[in-house]
A.B. asks: 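One structure follows; several queries about it will come next.
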Amino acid sequence: MANFYTDNEALKFYLNHPMMKKIVELKERNFADADKFDYAPKDFEDALDSYDRVLDIVGDICGNIIAENAESVDHEGPRVENGRVIYASATEKNLDACRKAGLMGMSMPRRLGGLNFPITPYIMAADIVSRADTGFENLWGLQDCAETIYEFADEEQKQKYIPRVCAGETMSMDLTEPDAGSDLQSVMLKATQKEDGSWVLNGVKRFITNGDSDIHLVLARSEEGTKDGRGLSMFIYDKRNGGVNVRRIENKMGIKGSPTCELVYKDAPAELVGSRKLGLIKYVMALMNGARLGIAAQSVGVSEIAYREALAYAKDRKQFGKAIIEFPAVSEILSVMKAKLDASRTLLYACSRFVDMYKIYDDIAKERKLEVEEKKEAKYYSRLADAFTPLAKGMTSEFCNQNAYDCIQIHGGSGFMKDYACERIYRDARITSIYEGTTQLQVVAAIRHVTTGTFLNWIKEQEDKHVAVKNEDVKAILKQMTQQYAAAVEAVGSVDSTEYHDFMARRLVEMAGYTVMGYLLLDDAQRDDSFRKSLNVFVKLGQAEVAKHADFISNFRPEQIADYLYK
């Protein structure tokens with residue numbers, strides 16, 4: 001029997017990260033729920049055991065149900081009948097298995113029907129589900145929208161909707177429109193308040209993942225006469241109330257089991273979330289950050305399955321009398337794939353731990369006043385989460401696309417055929433660097449943490465840590481990369497040209513990414529020697545990439561920029 005949790009030792013390694021003790025103790029409020037719920041942990045070890053057991057269930061369902069159904073879901077896909085989405089038959093089986101196992105609403109409080117898991121073990125589950133079927137993660141993973149209801153809705157709304165999510169109802173976030181993709185300030189779906197104070201929604205939404213879900217979070221224009229983000233508010237739409245129909249499902253390249261819908265709102269009843277005018281400015285930003293962390297987990301899951309498929313084929317396929325893995329050209333590809341996978345995963349879980357810390361402190365602050373040191377720590381982790389989220393989404397999605405490409409390359413001509421899973425993996429991977437903000441938008445989000453020193457300050461903190469003698473050579477390379485990165489940031493910043501800064505932003509963010517991921521892998525190798533090979537490979541790869549960008553920047557004359565840009 002396959003189990004996608006127990007066959008991956010890296011997951012348990014990150015579950016046992018030293019930071020988890022503080023995260024769990026804060027999340028559990030020193031285990032106060034133990035007297036109220038028979039399934040609440042009594043101490044840290046009990047909590048870790050609970051996470052381990054649930055992840056084991058996730059791994060079992062993914063290995064023996066969801067992964068087995070992935071090919072048939074890809075072929076059948078969802079369809080529209082009378083304005084409603086009908087999932088592929090195997091998708092219904094997947095959802096039923098997850099509901100019966102209690103895997104919905106994992107991070108929600110117990111008082112609302114959830115498991116009260118920190119973000120980190122929830123993201124591990126998303127990593128596992130994505131490996132099994134990338135498209136299904138879009139249905140199961142949208143339970144994360146409940147976080148936004150929990151953070152910003154009133155108590156009545158929390159009590160009304162969150163238990164339904166925990167019981168297995170699905171969610172969606174209805175943001176984009178035909179003329180408002182990444183530019184959400186242009187959203188024009190109209191929210192009208194009636195005389196009795198209730199709201200109705202009218203208009204069209206497009207590219208909505210799982211668009212016929214049970215509970216929708218909707219971005220709509222509530223302020224008459226406005227055209228920018230200040231006129232937008234967030235609403236909850238309940239499918240039970242009617243008023244929204246699915247016009248069509250997009251015919252996509254990949255993730256075919258996940259229905260991407262065009263929706264028509266016609267006097268659809270809705271409830272305002274939080275305050276008017278803060279829909280985009282506050283609520284969607286929080287929603288998108290959660291979604292981006294989810295896509296980073298999805299990207300890691302894709303990298304995992306791409307690497308495993310490539311490795312298995314390379315061991316099995318024989319040419320010229322020996323397995324192709326014995327050819328250095330093939331072995332080198334696999335070593336780089338594994339290094340990118342491990343670097344992606346360590347960045348993902350570093351980010352999830354930072355998110356855990358600041359979100360838990362935010363939640364505690366609703367119950368009591370934070371102590372001075374707690375406020376300081378909350379601010380520190382909030383800043384790191386804000387920096388690492390776009391970095392994680394951008395770097396892991398690009399790496400998963402590269403790993404999917406290399407998976408097909410190792411399969412050769414067979415990889416171009418539908419006989420092997422790598423063809424589907426390749427199609428599924430492509431969207432990860434596009435939705436929830438393209439890689440280019442992640443650069444826009446991350447670059448201010450380059451210019452303000454968030455990444456460099458964190459890197460300097462890592463430099464101060466002691467390393468084993470066997471890792472000193474790698475640390476010396478990382479220090480050299482840091483110096484090149486810092487010099488490049490200073491050189492770009494010294495030029496008085498916004499256009500030039502924007503032109504160089506991707507290079508600077510990638511330099512930060514390779515250096516950050518290198519230090520994270522170094523920390524992993526300090527705790528577990530099994531990471532040393534990936535550490536060595538990735539740092540050598542990063543050394544070359546950082547040097548390439550540093551050379552480009554140092555040899556580029558700002559006045560030449562017009563010769564490089566298409567307008």
A.B. asks: Any side-chain donor-acceptor pair under 3.5 Å between R532 and N471?
C.D. replies: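 Yes - a donor-acceptor pair under 3.5 Å links their side chains.
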A.B. asks: Can you confirm whether M104 sits close enough to C98 that some side-chain heavy atom of one is under 4.5 Å from a side-chain heavy atom of the other?
C.D. replies: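 Answer yes - side chains close enough.
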A.B. asks: Which atoms form the tightest heavy-atom contact between M19 and M357, and what is the distance?
C.D. replies: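 Nearest pair, atom of M19 first, then M357: CE-CG, 3.7 Å.
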A.B. asks: Would you say the side chain of L565 lies within less than 4.5 Å of the side chain of E499, judging by non-hydrogen atoms?
C.D. replies: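 The answer is yes; the side chains approach within 4.5 Å.
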A.B. asks: Taking the side chain as every heavy atom from C-beta outward, state whether I431 and I434 have any atom pair closer than 4.5 Å.
C.D. replies: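 Yes, at least one pair of side-chain atoms sits under 4.5 Å.
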A.B. asks: For K12, which of D56, D528, D52, D49 qualifies under salt bridge (charged side-chain N to carboxylate O under 4.0 Å, His left out)?
C.D. replies: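 Single pass found, and it is D52.
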A.B. asks: Just checking K540: does its NZ atom have more than 12 heavy atoms from other residues, nucleotides or ligands closer to it than 6.0 angstrom?
C.D. replies: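 For K540, atom NZ is not crowded (no more than 12 foreign heavy atoms under 6.0 Å).
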A.B. asks: Does any donor atom in the side chain of N401 or Y426 lie under 3.5 Å from an acceptor atom in the other side chain?
C.D. replies: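 Side chains of N401 and Y426: no pair found under 3.5 Å.
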A.B. asks: With no hydrogens and no angle check, just 3.5 Å: does a side-chain donor-acceptor pair link E377 and Y361?
C.D. replies: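 The criterion, which ignores hydrogens and geometry beyond distance, is satisfied for Y361 and E377.
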A.B. asks: Carefully, step by step, assess Y380 and Y358 under the rule ring pair (Phe, Tyr, Trp, His ring centres under 6.0 Å).
C.D. replies: CA-CA 8 Å; Y380 172 77; Y358 101 83; over 10 Å; no
A.B. asks: More than 12 heavy atoms of other residues, nucleotides or ligands under 6.0 Å from CZ of R430: is that the case?
C.D. replies: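 At most 12 heavy atoms, drawn from other residues, nucleotides or ligands, come within 6.0 Å of this atom.
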A.B. asks: Consider only side-chain N and O atoms of N289 and T389, and report whether a donor and an acceptor are under 3.5 Å apart.
C.D. replies: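 There is no such pair (donor and acceptor under 3.5 Å, judged by atom type) between the side chains of N289 and T389.
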A.B. asks: Is it the case that more than 12 heavy atoms not belonging to D496 sit under 6.0 Å from its CG atom?
C.D. replies: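 No - once you tally the heavy atoms of other residues, nucleotides and ligands closer than 6.0 Å, there are 12 at most.
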A.B. asks: Establish, from distance only, whether the side-chain atoms of T120 and S352 form a donor-acceptor pair under 3.5 Å.
C.D. replies: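 Short answer, yes.
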A.B. asks: Is L508 close to V492 at the side-chain level, that is, under 4.5 Å between some pair of heavy atoms?
C.D. replies: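 V492 reaches L508 side chain to side chain.
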A.B. asks: Does F455 have its ring centroid less than 6.0 Å away from the ring centroid of Y485?
C.D. replies: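 When the ring centroids of F455 and Y485 are compared, they turn out to be at least 6.0 Å apart.
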A.B. asks: Under the side chain to side chain contact (heavy atoms under 4.5 Å, CB included) rule, what do K460 and L456 come out as? Steps first, then yes or no, please.
C.D. replies: CA-CA 6 Å; K460 292 294 185 182; L456 188 57; 4.2 Å; yes
A.B. asks: Strictly distance-based, threshold 3.5 Å: is any side-chain N or O of D356 a donor or acceptor partner for the main-chain N or O of I119?
C.D. replies: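 Judged by distance alone, yes, a pair lies under 3.5 Å.
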A.B. asks: Show the nearest heavy-atom pair for residues N116 and P109, with the distance to one decimal.
C.D. replies: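 The answer is OD1-CA, 3.7 Å.
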A.B. asks: Applying side chain to side chain donor-acceptor pair (under 3.5 Å) to R308 and S303, what does each step give before you reach the verdict?
C.D. replies: CA-CA 9 Å; R308 286 176 180 261; S303 275; over 6 Å; no
A.B. asks: Taking the side chain from Q298 and the backbone from T134, do they hold a donor-acceptor pair closer than 3.5 Å?
C.D. replies: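 A pair under 3.5 Å: yes.
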A.B. asks: Within the distance-only criterion (no hydrogens, no angle test), does the side chain of R292 pair as donor or acceptor with the backbone N or O of E436 below 3.5 angstrom?
C.D. replies: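 Side chain of R292 to backbone of E436: a pair is present.
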A.B. asks: Which atom pair, heavy atoms only, marks the closest approach of Y435 to T432?
C.D. replies: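 Here Y435 and T432 meet closest at CE1-CA, 3.9 Å.
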A.B. asks: Are any of the side-chain heavy atoms of P121 and V54 separated by less than 4.5 Å?
C.D. replies: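 No - every pair of side-chain heavy atoms lies 4.5 Å or more apart.
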A.B. asks: Just checking, any donor-acceptor pair under 3.5 angstrom between side chains of Y349 and D127?
C.D. replies: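 Side-chain D/A pair, Y349 to D127: present.
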A.B. asks: For the residue pair F354 and F388, categorise the inter-ring angle as parallel (less than 30°), tilted (30 to 60°) or perpendicular (more than 60°).
C.D. replies: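 It falls in the perpendicular class, over 60°.
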A.B. asks: Over 60° means perpendicular and under 30° means parallel, so tell me whether Y519 and W458 are parallel, tilted or perpendicular.
C.D. replies: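 Correct class here is perpendicular.
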A.B. asks: For F531 and Q526: C-alpha separation, side-chain torsions, deciding distance, then whether side chain to side chain contact (heavy atoms under 4.5 Å, CB included) applies.
C.D. replies: CA-CA 9 Å; F531 287 95; Q526 287 284 107; over 6 Å; no
A.B. asks: A side-chain contact here means heavy atoms from C-beta on lying under 4.5 Å apart; do D342 and T346 qualify?
C.D. replies: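 Sidechains of T346 and D342: no contact.
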A.B. asks: Do you know the tightest heavy-atom contact between G135 and S258?
C.D. replies: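 For G135 and S258, the tightest heavy-atom pair comes out as O-CB, 3.5 Å.
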A.B. asks: Between K475 and E472, is there a side-chain heavy-atom distance shorter than 4.5 Å?
C.D. replies: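 With C-beta onward as the side chain, the pair stays apart.
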A.B. asks: Once rounded to the nearest 0.5 Å, what's the spacing between atom CZ of R353 and atom CD1 of I123?
C.D. replies: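 Reported to 0.5 Å precision, the distance equals 12.5 Å.
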A.B. asks: Parallel, tilted or perpendicular, judged at 30° and 60°: which one describes the rings of F117 and Y51?
C.D. replies: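 Answer is perpendicular, since the angle exceeds 60°.
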A.B. asks: Any carboxylate oxygen within less than 4.0 angstrom of a Lys/Arg side-chain nitrogen, looking at R507 and D551?
C.D. replies: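 Salt bridge: no.
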A.B. asks: Is the number of heavy atoms from other residues, nucleotides or ligands within 6.0 Å of CD (E371) greater than 12?
C.D. replies: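 Not more than 12 within 6.0 Å, no.
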A.B. asks: Is any side-chain heavy atom of D523 closer than 4.5 Å to a side-chain heavy atom of H17?
C.D. replies: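 The answer is yes; the side chains approach within 4.5 Å.
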